Structures are given as structure tokens and as C-alpha cells.
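Atoms considered below: every heavy atom in the structure, side chains included; atoms not considered: hydrogens, waters and symmetry mates. Source: prediction; values computed, not measured.
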Amino acid sequence: MSINILSKLTHPIFKDFTLSELDNVLKVAKIGVFSAGETLIREGESSQIIYVILDGMVEVTKEGDLKEKPIHLAILGADNVFGEISVLTGKPRTATVTALNEATALTLDISAIEKNPETKELHAKLLKNLVEELSKKVVYADGKVVKYDNVHKQPELAEEESVAIPNTILVLFGWKWSDILYEVPFLAQHGYDAIKISPPQEFVVRAGRPWWEAYQPVTYNLSQSYGSEEEFRTMIDFCHNFNIKVYADLVMNHMADYCETELEHCGTNGHTFSKYHYGPLNSDKDFYEYDDFYHFVAEGNLQTSDEDYTKLERAWHLEHYDLLQLPKLNLDESHVIAVLRKYVKYLLDCGIDGFRIDAAKHLRIPGVEKVLDGLRTQDGLKPFAYLEYYVGGLPAGVDVYSYMEKYFKVGYVTAFNYGDFLSDAVQGKNNSLQKLIEYNFGSSWVHYPENRAVVVLDNHDTERMMPNILSYKNSHNNAYVLAYIFMLAWPFGVPKIMSSFRFSGRDDSVPTTPVWQNGHNTIFDPNSPWVGQHHWNAIANMVLFRNKTKKAKGITHVWVNGNQVAFAKSYQKAHEFVAALGFVVINNTGKPLKRKFETGLPAGKYFNLIASQITEGKMQGQTVQVENYGLAEIEVKPYDAVVIGLDFEVI
């Protein structure tokens, strides 16, 4: 038995142990088998035992502020060690570890190793190795843990499939091509480098013109609702002149629902359709017929159910059954793949740089890969792709990374639970901004690698259907803006910014009133139907801040006090030192905040981006004075923020 266990002890904490020394360690060790759901260690308990996972997986969690919803920290698998923090500090356990499935672990009582004559001399060596390995996993600031690295690998794109990754993605929901063109100079001035347009294909016309009709294709011709093809191409070219990428919303899962009760079945360009018959779909006059859709019963197909989202054995249903009675395209059918490829190639020929792939959890991913395989943008790059994996979670009991890996191979994936955690913290429910910082808000929370996460605060679905998520309609005490400030300052993933239109009913239609009228942007006009969050001063300037600090992947000069937090965005210069590029203070409380901060910035006067704006091409507004050694006395009003940066010094 010892020989079998010895072969598994490959963790670096045993890196300089001889076989004889390892054998002596095993004499005082125990093997534990833990059932799924069983707690191995519990936060707050005292113990000198460390665990080495031999088989299975465990989850590491931390209690939230209200002790109702635990904070996810990491998932650990075979050859990982936990429990060492308590051993090294002599303090109670800092987290709870629970078995996700049946897990086998080697348990080592460090105090027993120290007392046993045969292992006493190994005690110091083991502690030294534990310290070294722990230092790789955690980073401290002001005596608190601010980083806990997850163990999951980070997938990388191959060089021959190079992709231009945006700093942010702006969703111009329902905007016409001409309105986008007029908006471009403002976007470029504020650092927006990528926009996502609504699904550009012809879509169904429904009674009352609900917004969601845009997600029910009738053909793959450009919809005349947004403008002409010439306006489409001109808009894209104009964006490119300002170094702004344009992504199209791509609907590949289904076609428009054939509603038996409606008298007419037609699209925005006048094309009609019938049940399982659509076309001509394109200039080649392709059609979709009965065999191009999935059918599992005589009437046509089955519908997805709630259980299909929660049980692993029923996940197959999501990829084959109809979603909301929408006729589901058969992505195993070569004709469907060929037609979709023609549509994607046409959009790329128009200048499109990438795609949001709608309803990804319902798609056959091998089919999606065939549609995109080998296609390139006008710049010769692989199109940037991000998949909409909507909220609702994953089948119970799965390892998130393993389950999602097929989506990560296609591109980035929307992390809706990021917005859930952030909304929760800003609203002071189970967590706080301090918790987000202390436990490195990122991969170990949302389960996605950083280089595959499009982080989402809100979108067109959540603002209508999820009242717990912050939105322009749900923003008590400036919470919505503060959440965007944090998201755009915090170095994780690619933030997506929502630009909405006003609605009172869940199905309200997209406004027909243009955003731009007679050379004037109407977003801030009285009774304007357009919300235009991207135009709000704090959000627009924070996009510029993120653009200017994109090299800064680190966090330093951390100060935390519940929902009052501050941190610098920093990076390591090669062979030199850590340099701060910006400093952020958020006061998400009802009390004023005034104190002296170490900002990490050089002495000088800097514009506060939250209370400044670009006028006639120059930043103007409130300033903050940074003294020698980076010290600055900063005053922040209740439910407000102050943000300064190296590129925003007053000259």
C-alpha cells in the first residue's frame, strides 16, 4: 500500500524528500475516503492537519458576510494540498473544504510528525516547503489575503489562430447603422474599442413588435429595420477608421417560430415562411426544409424542460430539443452548416470582426466549430467569438471547467454569475466589495479562466427578468454606476457594457426614434427613449481608464473597510519595479470618506475621472493632488468614487 501511495506523492511539498523519508511520513499519515457533500475541514475550527488529495475533487468556500451564501474560492483535484494556512499561522481554519464527489486524501498531522522520533527531523523541511508553495497561491496586503489562485489551467489560442482581444465590448442594443456611425467619434474618444450590434439578419414581424423578434431569423439577408447594406458597410468602415471592432449577434440555434394563430408569417424585408420552410435565405437562394431541423416526435420536436438544465444526463436535450417552441436547426446536417457558413462569410466580407454566439448552451458545439472553421476577418485574423451561456447554472455535480472546456475552445464565454456576485456585493447582501478584493474576485469565483471570460453586469434579458441584478432600473444609492466602476477598474476578463432603451413592459419594442437627430445626440433629452449608459460620464471615463491601464494586471496599495475600498492598478516592469498606472477609491456607504491613501502614483495633480469630462478634446473637472511618496488625501462623498490615473495628469 505504501508503494502505491508513494507513487502519488508528487506535490512540491515533498520535492526534496527521499523515498525512505516519505515512507516514514506515511507511517504517521492516514488515508481518508470522503463521500460527496462531506466536509473535510470547516472554517473556524483549529487543527494541525493538512490534506493531500489522492483522488476526486473538493470545493473551497468562505462564509459570506451574512453567513447565508458561501463565497466560492477554488476547486482542487488530485495532487493538491489544503489546510496548510492554519498549520503555518496557528490560527483557526480560514475556509471550508467539501468533497464534490467521492474523494480520497492523505491526512498529515504536523504536530504528530514533530513529536514522532522517526519523523521529527523532517518537520522543519516540510514546513519550509509548505511556506514556499503557499506563497505561490496567496498574496497579502495589510495582513489580509488578496489573491487565491485557482489550479485550473489557462487555455491559450494557438499563434496561427491569432485573435484581436478587445478591452471592452459595448452592446448598442437596437441601434440603427446610421446612429452607430454618428456615435463613433465619442466612442473612440473614450476608449471603446469594440461594439456589438443586434442580430443583423432579417427577422420575424410579431404583433406589437416585441424586442425579442430580432432573435427569430427568417432569412440571412440584412434586415432593413436597421438600414441598408450600404449603410451597414459604411458604418463598419467608419468604426475601423477609429480602431473600433464590430461584432455581430449570431443566431444559429433556430429560426422564427411559426405561430398558428397569426394571420401572416413574414420578416422585416417581406419574406414569408411556413412551418419548417424558410427562404430564399441568401443570394444563392438556399432554403431550409423539414430535414434541416431536429425532429423527435411526429409533430416535429420536443421542448426543453427545467430539469434539462440541472441534470447532466439530460444536457443532451438542450442541444437537440426546441427552445421556447423555436424550430431548432440541425447542426449535424451538412446543408445547415453550409448555409450558416455562407452567412458568416458574408458578414466577414462586410467587415465584421467577430461574433456573439446566441444561446450557446443549446448549440451543438462541433457544428459551431464547423461553421467558423478557417474563416478570417478582413485583417486576416480569426474572428473574435464570445458565446452567450445564459444564467441558470450547470448540471449538478459537474466540474465547471471540464464541462465548459468545449465552449472555451470556440472562444470567450459570458460570465453572468460575475454580475450576480458583483450586484450582491454592491447591494450589501451576502458579500461586500472588501470580500471581492480579499478573495481575488475572478476565476475562482466564476469558474472561468481569465482569458475566456466576458464579464457581464447586466444584459437585455437580466434587466427585464432578474430584479436582483443591478440595471438602469435597479440602482438604489448609485449602486449600478458603482458596480460598473468596480468592474471596469478590476483586472479580470473582458467587461461588457450595456446600452439600453427604456421599457415598462418586458416585451416593449425597440424605439423607432433615432438616437441622432439633426446632428444631435438625443440620449439626454427629456423623454428620450434611449438610456445610453455608455454615454454616462462615469462609465464612459472608466472605459477610458481601463483602456489606458490595460497593461496593469496587478493590484497593489490595497485598503479595505467593508464597502469602502481602494486599490492601485499596477504592473511589473521588466527587471525594474512595480509601477502603478491608476488608483481607485469607492465609497459604497452612506458616510463621507476622507483619509490619506498611498496611491503608488508619482507626485502631481490628476483629474478625478468620476467628476471630470472631456470638453473640446480635453479632460476638465475635479482634481486630486498626489504628494511625495504617492500620498494623497482623498475625500469621497457617500455612494461615490474617485479614480485617478497616470495618463490623466493635469498639464
K.L.:
Check for me whether Lys196 meets the cation-pi criterion with Tyr247, that is, NZ or CZ under 6.0 Å from the six-membered ring centre and within 45 degrees of the ring axis.
P.N.:
no

K.L.:
Can you confirm whether Tyr484 sits close enough to Ile497 that some side-chain heavy atom of one is under 4.5 Å from a side-chain heavy atom of the other?
P.N.:
yes

K.L.:
Within 45 degrees of the ring normal and closer than 6.0 Å to the centroid, is that where the cationic atom of Lys275 sits relative to Phe293?
P.N.:
no

K.L.:
Are any non-hydrogen side-chain atoms of Asn282 and Thr219 less than 4.5 angstrom apart?
P.N.:
no

K.L.:
Just by distance, no angles: are the side chains of Tyr472 and Asp458 close enough, under 3.5 Å, to form a donor-acceptor pair?
P.N.:
no

K.L.:
Taking the cut-offs as 6.0 angstrom to the six-membered ring centre and 45 degrees off its axis, would you call Arg464 and Trp212 a cation-pi pair?
P.N.:
no

K.L.:
Between His535 and Glu183, is there a side-chain donor-acceptor contact under 3.5 Å, judged purely by atom types and distance?
P.N.:
yes

K.L.:
Considering only heavy atoms from C-beta outward, does the side chain of His534 approach that of Leu172 to under 4.5 Å?
P.N.:
yes

K.L.:
Answer yes if the side chains of Tyr294 and Asp322 hold a donor-acceptor pair under 3.5 Å, and no otherwise.
P.N.:
no

K.L.:
Given 3.5 Å as the limit, does a donor-acceptor pair link the side chain of His271 with the main chain of Tyr278, or not?
P.N.:
no

K.L.:
To the nearest 0.5 Å, what is the distance between CG (Leu331) and CE (Met252)?
P.N.:
7.0 Å

K.L.:
With a 4.0 Å cut-off on N to O distance, would you call Lys245 and Asp379 a salt bridge?
P.N.:
yes

K.L.:
Checking Gln378 against His240: is there a side-chain donor and acceptor pair closer than 3.5 Å?
P.N.:
no

K.L.:
Using distance alone, with no hydrogens and no angle criterion, decide if Glu319 and His362 have a side-chain donor and acceptor under 3.5 Å apart.
P.N.:
no

K.L.:
Does this structure show an ion pair linking Arg233 with Asp349, if we count only N-O contacts that are shorter than 4.0 Å?
P.N.:
yes

K.L.:
Would you please name every residue forming a side chain to side chain contact (heavy atoms under 4.5 Å, CB included) with Asn167, sequence neighbours left out?
P.N.:
Asp193, Asn547, Lys550

